[in-house]
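Everything on this sheet refers to the single structure shown next.
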Amino acid sequence: MNVRPFPQSFFDRPTLDVARELLGARLAIRDATGRIRRQAIVEVEAYDGPDDLASHASRGPTERNAPMFGPPGHWYVYLCYGMHWMLNVVTGPVGYPAAVLIRGLEDISGPARLTRQLGIDRRFDSLVANRHVGLWIEAGPAVPDAETQRLPRIGVDYAGDWAARPYRLVVSSRTVEKMGKKTHKA
DNA sequence: GGGAGGATGGAT
DNA sequence: TCCATCCTCCCA
């Protein structure tokens, strides 16, 4: 296969730009037997900078959110509600806290379900997204704007004006269905 | 050392 | 609508 993982430079750009291009890209994970599983990303959320009140980074750096302040193209994985692992990829330059939360794959809806199904947890936190660590992102067929929607983020009602910003990007359900068909036929 | 709240999901 | 379940952060 001629598809290579996105390089770190791909993630060293404005968070919303990266988020948009992650729609249709492939999340790839290699299990213990060496088998690689690839699935299209269909839902993401952008968390952008120190002023974003919905972001963990809005109250400054802590031990937990340190990866958000680090280099782009690294994973930020944290536990939510004491039981759910959330998978984010860091964007933008060192010192600028931003990341994209991966919320859904073509046949797994929900950020907690996808990490559970793929066995993603704290082990990946702060690691770079590449083949060496066994979890990375590859390019996929581009998704046209007409097949996407921009919506408010989930569960951030406390974030004031930031709660309403359309930082949640999704592939329309019709297009996701088509992706599923392709996968099952293949 | 304690307590409040949280980037959820599944059952009721 | 409720609740499982626990980490993180802030305050004392």
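Protein chains get the first letters and strands the later ones, always in sequence-line order, with residue 1 at the start of each.
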Evaluate whether the aromatic ring of Tyr81(A) and the six-membered ring of the dA4(C) base sit under 5.5 Å apart, centre to centre, with an inclination under 30°.
-> no
Out of dT8(C), dA7(B), dC10(C), which has the shortest distance to the side chain of Tyr158(A)?
-> dA7(B)
Side chain to side chain donor-acceptor pair (under 3.5 Å) between Tyr96(A) and Asp48(A): does it pass, once the steps are laid out?
-> CA-CA 9 Å; Tyr96(A) 184 82; Asp48(A) 187 19; 2.7 Å; yes
Scan Ala112(A) against the nucleic acid and name what it touches under 4.0 Å (heavy atoms): base, sugar-phosphate only, or nothing.
-> sugar-phosphate
Compute whether any side-chain donor of one residue and acceptor of the other, for Ser172(A) and Thr175(A), lie under 3.5 angstrom apart.
-> yes
Which part of the nucleic acid, if any, lies within reach of Met86(A) when heavy atoms closer than 4.0 Å are counted: base, sugar-phosphate only, or nothing?
-> sugar-phosphate
How is Arg168(A) classified with respect to the nucleic acid when contacts are heavy atoms under 4.0 Å: base, sugar-phosphate, or nothing?
-> nothing
Touch check for Arg64(A), heavy atoms < 4.0 angstrom, all strands: base, sugar-phosphate only, or nothing?
-> sugar-phosphate
Rounded off to whole Å, could you give me the CG-to-C1' distance for the Leu151(A) and dA7(B) pair?
-> 15 Å
Consecutive-pair stems (3 or more, Watson-Crick or G-U, under 3.5 Å) for DNA chain B = B:1-6 with C:6-11, B:8-11 with C:1-4
Charged tip of Arg153(A) within 45° of Tyr167(A) ring normal and under 6.0 Å = no
Look at all strands and tell whether Ile154(A) reaches a base, only sugar-phosphate, or nothing, counting heavy atoms closer than 4.0 Å.
-> sugar-phosphate
